[in-house]
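For reference, the structure discussed in these notes is given below.
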Number of protein chains: 2
Amino acid sequence: MDTLLKAIAEPKRRDIIRLVWARELAAAEIAEYFPDVTRSAISQHLTVLRKNGVIHERREGTRRLYSVNRGEIIKLRAFLDSFWSDSLERLRDIAEVSELQKRAS
Amino acid sequence: MDTLLKAIAEPKRRDIIRLVWARELAAAEIAEYFPDVTRSAISQHLTVLRKNGVIHERREGTRRLYSVNRGEIIKLRAFLDSFWSDSLERLRDIAEVSELQKRAS
DNA sequence: TGCTTACGTAAGTGTCAACTAACGAAATAG
DNA sequence: CTATTTCGTTAGTTGACACTTACGTAAGCA
């Protein structure tokens, strides 16, 4: 979940998500929307998004078509929703945060 | 907004937010919940959260009491909500993302 | 005035992330 | 088979970030 949040904290990656939200796009088509960085940079962003399950890759000849994996987005949204709305109730009891901390270490 | 998202992508900072969500806590009290890092590390996390408007600092004698600034959390939530839900509609028109990119460069 | 408490801040370190330039791989066209 | 297209990957650089150690500061107390 940490890496997923970090993936979305990067503005170019959010733009990529928006680009492939409604339709499939090939890597080169995506890269065209970012004139001031190289294809390589975009390819690496695509790798990050793919490894976090945010986008799906489909090969067609020499091209690779990307589209959003909405299931993963929904998961992230659910995580954040519970973060906002449950924080008050859950953490009135401090013990739970202690647990989180112990697990993290 | 970028720095705000990065602030939340850090797990210890999310824990801090949860800690001061329901009640004010002094810096030392917050640090107690993180036994495996120094006070200094927590202080720096508090600075990041404060500079992003996520938490509010109130001085009382030598102590500094922190609490969540819910307004900023609500802003972030609204931003993400519109990110999820509007992405399809907004970005069916590719021009808008182009605009985003040009502004970012 | 000193001493202590409760903090932040500065300096330095190791690690990771974003990027460019150069190369490699795989499918297709001729 | 060779050349081209469409991509990913590797190597190397730069900057950001989480962290520790050490020091600075401001309030309260003897």
Side-chain angles (χ1 to χ4, degrees), chain A residues 1-17 19-20 23-67 100-105, chain B residues 1-17 19-20 23-67 100-105:
Chain A
M1 184 56 66
D2 278 5
T3 57
L4 185 51
L5 274 168
K6 280 177 186 167
I8 297 222
E10 170 62 39
K12 286 199 184 62
R13 285 197 287 260
R14 284 202 306 277
D15 286 343
I16 291 174
I17 292 171
L19 275 170
V20 298
R23 63 202 175 301
E24 274 187 330
L25 282 180
E29 295 174 312
I30 295 169
E32 281 173 14
Y33 291 101
F34 302 93
D36 43 348
V37 287
T38 57
R39 263 189 327 98
S40 181
I42 300 303
S43 180
Q44 288 173 51
H45 280 313
L46 289 171
T47 300
V48 170
L49 290 172
R50 184 172 44 75
K51 285 189 175 168
N52 280 285
V54 178
I55 58 174
H56 174 253
E57 180 190 301
R58 183 171 72 87
R59 303 199 182 187
E60 195 181 73
T62 70
R63 307 202 313 161
R64 303 198 187 187
L65 300 168
Y66 292 95
S67 56
L100 285 173
Q101 172 55 20
K102 281 168 197 162
R103 241 180 291 151
S105 63
Chain B
M1 184 57 64
D2 279 5
T3 56
L4 185 51
L5 274 168
K6 280 176 187 167
I8 298 228
E10 169 62 40
K12 284 198 183 62
R13 285 197 287 260
R14 284 203 305 279
D15 285 344
I16 291 173
I17 292 171
L19 275 170
V20 298
R23 64 204 173 302
E24 274 187 331
L25 282 180
E29 294 173 314
I30 295 169
E32 282 173 14
Y33 290 101
F34 302 92
D36 43 348
V37 287
T38 57
R39 259 191 331 100
S40 181
I42 300 304
S43 179
Q44 288 172 50
H45 280 312
L46 289 171
T47 300
V48 170
L49 290 172
R50 184 173 44 76
K51 285 190 176 167
N52 280 285
V54 179
I55 57 174
H56 175 253
E57 181 190 299
R58 184 171 73 85
R59 303 201 183 186
E60 195 181 74
T62 70
R63 306 203 311 164
R64 304 199 185 186
L65 301 167
Y66 293 95
S67 55
L100 284 174
Q101 171 56 19
K102 280 168 198 162
R103 243 178 292 151
S105 63

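Below, chain A is the first sequence line, B the second, and so on; all start at residue 1.
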Can you tell me how far [atom2] of [Y] sits from [atom1] of [X], rounded to the nearest 0.5 angstrom?
X: A/Leu25; Y: A/Leu19; atom1: CG; atom2: CG; value: 6.0 Å
X: B/Tyr66; Y: B/His56; atom1: OH; atom2: NE2; value: 10.5 Å
X: A/Glu29; Y: A/Arg63; atom1: CD; atom2: CZ; value: 5.5 Å

(request) Identify which one of B/Val48, B/Thr47, B/Leu46 satisfies the side chain to side chain contact (heavy atoms under 4.5 Å, CB included) criterion when paired with B/Ile55. (result) B/Leu46
(request) Answer whether the closest heavy-atom distance between the side chains of B/Tyr33 and B/Ile42 falls below 4.5 Å. (result) no
(request) Sugar-phosphate atoms are those with a prime plus P, OP1 and OP2; base atoms are the rest. Using that split, label each nucleotide of nucleotides 15-30 of chain C B, S or - for protein heavy atoms under 4.0 Å, 5' to 3'. (result) ---SBBB-----BS--
(message) For the helix from C/dT1-D/dA30 to C/dG30-D/dC1, what angle separates the axis at the start from the axis at the finish, each from five pairs, in steps of 10°?
(response) 0°
Determine all donor-acceptor pairs shorter than 3.5 Å in which one atom belongs to a side chain in residues 1-11 of chain B; sequence neighbours excluded.
from, atom 1, to, atom 2, distance (Å)
B/Asp2, OD1, A/Arg14, NH2, 2.7
B/Thr3, OG1, B/Asn52, OD1, 2.8

(request) Check side-chain hydrogen bond (donor to acceptor under 3.5 Å, both in side chains) between B/His45 and all other residues, then give those that pass, not counting sequence neighbours. (result) B/Arg13
(request) With sequence neighbours excluded, give me every salt bridge (charged side-chain N to carboxylate O under 4.0 Å, His left out) pair touching residues 39-54 of chain B. (result) B/Arg50-B/Glu57
(request) Check every nucleotide of DNA chain D for an atom under 4.0 Å from a heavy-atom of chain B, then give the first and the last such nucleotide from 5' to 3'. (result) D/dA18 to D/dG28
